[in-house]
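Some notes on the structure that comes next.
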Amino acid sequence: MRLLFPSRFLQLLPLLMILQAPQKGIRAQETFRGVHVYYRFENDFLSFDTKGTDKYYSGGNRIGVNFPGRKQKNVLHTVSFNVEIYTARGISRTPEMLTIDDYPYSGISYLAYRQSRFSKDRRNLFGIGLTAGLTCSNSYAREMQSMLHRLIHYRLPLGWDGQIELGNMLQVSGEHTHSWYTGRSLKFNTVASMEWGTLFNRVMVGTEVKIGRNG
C-alpha cells in the first residue's frame with residue numbers, strides 16, 4: 001500500500017496519542033450558539049522582506065456563515081467561499097525571470113463545508129471538511145489581485161502569464177482539537193489534522209493559545 005504522506009510522519013503518532021489523551025479536571029465548554037456571518041481579508045502588508053509585500057502567500061478573501069445544528073447544539077456547520085493568491089518573491093518578475101527555487105504564480109477559488117462536533121465531555125472537538133474549487137486562470141486570482149493593486153495605486157504583478165494550471169480542486173480533511181486547560185480568559189489546545197485530495201496531501205500538528213472571554 002502506498003502512503004500519501006512521508007513515512008517520517010508515522011514517528012509522530014505516539015506523540016499524537018499522548019497529546020490527544022483525555023484529561024480530567026478540565027472545565028466543560030459551552031455549546032455553539034447563534035448564526036454568524038463573517039468576512040476575512042488577508043494580505044502580507046507586514047513583511048520581513050525589505051523588497052515589500054506579495055511574497056509567496058500574497059493574500060486571500062474569505063466569506064462564510066456558521067450555525068449550530070437544529071437539534072444538536074454541540075454541532076457547528078460552516079459554509080464559506082474562499083480565494084487564495086500566491087506569487088513569487090517579487091511581483092515585478094516576469095515568467096522568464098522565475099527561478100527553480102521561487103514560488104510560482106497560482107490562485108485557488110473554492111467552496112468549503114466544515115462540520116465541527118464537541119465530544120460529550122466537551123473536552124475534544126472533532127472536525128471534518130470537504131472542499132471543491134478551481135485553480136489558477138479559472139480561479140480569477142489574477143484579476144482580483146490586479147484590481148486591488150489598481151485601487152491602492154500599487155505596481156501590477158507581471159508574472160501571471162506563467163501561472164501553473166492545476167485543474168480542479170477536491171479535498172477532504174479531518175481535525176482533532178483537545179483542550180488541556182480552559183479558564184475564564186485563557187485556553188490551551190493541541191491540534192492534529194490531516195488533508196488529502198487533488199492538490200494537497202499533508203499532516204499537521206500544533207498547539208494554540210486563546211486569550212479572551214470563553215464564549
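Hydrogens, waters and symmetry mates play no part in the numbers below; they use all other heavy atoms, side chains included.
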For a quick test of reading the model, state the closest non-hydrogen atom pair linking [X] to [Y] and the distance between them.
X      : Y      : result
Asn82  : Ala112 : ND2-CB, 4.0 Å
Gly34  : Pro68  : O-CD, 2.9 Å
Ser109 : Ser139 : OG-O, 2.6 Å
Thr198 : Asn168 : OG1-O, 3.2 Å

request  = Quick one: list whatever passes ring-ring contact (aromatic ring centres under 6.0 Å, His included) with Tyr38, sequence neighbours left out.
outcome  = none

task = Could you give me the CA-CA distance, side-chain angles and deciding distance for Val79 and Arg114, then say whether side chain to side chain contact (heavy atoms under 4.5 Å, CB included) is met?
result = CA-CA 7 Å; Val79 180; Arg114 177 181 174 82; over 6 Å; no

Reported [atom1]-to-[atom2] distance for the pair [X] and [Y], which is rounded to 0.5 angstrom:
X      : Y      : atom1 : atom2 : value
Arg142 : Thr87  : CZ    : OG1   : 13.5 Å
Leu111 : Ser80  : CG    : OG    : 7.5 Å
Ser173 : Arg202 : OG    : CZ    : 9.5 Å
Gln115 : Ile128 : CD    : CD1   : 5.0 Å
Leu76  : Phe67  : CG    : CZ    : 8.0 Å
Asn201 : Glu195 : CG    : CD    : 8.0 Å

For a 4.5 angstrom cut-off between non-hydrogen side-chain atoms, does [X] reach [Y]?
X      : Y      : answer
Tyr113 : His77  : yes
His176 : Ser193 : no
Leu199 : Thr131 : no
Asn61  : Tyr39  : yes
Val65  : Thr78  : no
Val191 : Glu175 : yes
Met169 : Phe200 : yes

Do we see a donor-acceptor contact under 3.5 Å between the side chains of [X] and [Y]?
X      : Y      : answer
Asn189 : Thr177 : no
Asn66  : His36  : no
Gln171 : Tyr110 : no
Ser137 : Glu165 : yes

key: Test applied, side chain to side chain contact (heavy atoms under 4.5 Å, CB included); reference residue, Arg117; option that passes from Asn124, Asn74, Leu125   = Asn74

Does one hydrophobic cluster hold both [X] and [Y], with members joined at side-chain heavy-atom distances below 4.5 Å?
X      : Y      : result
Trp180 : Ile211 : yes
Phe81  : Leu134 : no
Met147 : Leu156 : no

task = Assign the ring pair Tyr105 / Trp160 to parallel, tilted or perpendicular, where the plane angle (0 to 90°) is split at 30° and 60°.
result = perpendicular

request  = Show your working on salt bridge (Lys or Arg N to Asp or Glu O under 4.0 Å) between Glu84 and Arg62 and close with a plain yes or no.
outcome  = CA-CA 9 Å; Glu84 299 179 5; Arg62 309 178 190 277; 3.2 Å; yes

key: side chain to side chain contact (heavy atoms under 4.5 Å, CB included) evaluation trace for Ile108 with Ile85   = CA-CA 7 Å; Ile108 311 171; Ile85 302 171; over 6 Å; no

ask   = What do the steps show when you test Phe188 against Glu208 for side chain to side chain contact (heavy atoms under 4.5 Å, CB included), and what is the final call?
value = CA-CA 6 Å; Phe188 177 76; Glu208 63 180 10; over 6 Å; no

task = Let me see the working for Phe126 and Ser119 under side chain to side chain contact (heavy atoms under 4.5 Å, CB included), right down to the final yes or no.
result = CA-CA 8 Å; Phe126 300 93; Ser119 60; 4.1 Å; yes

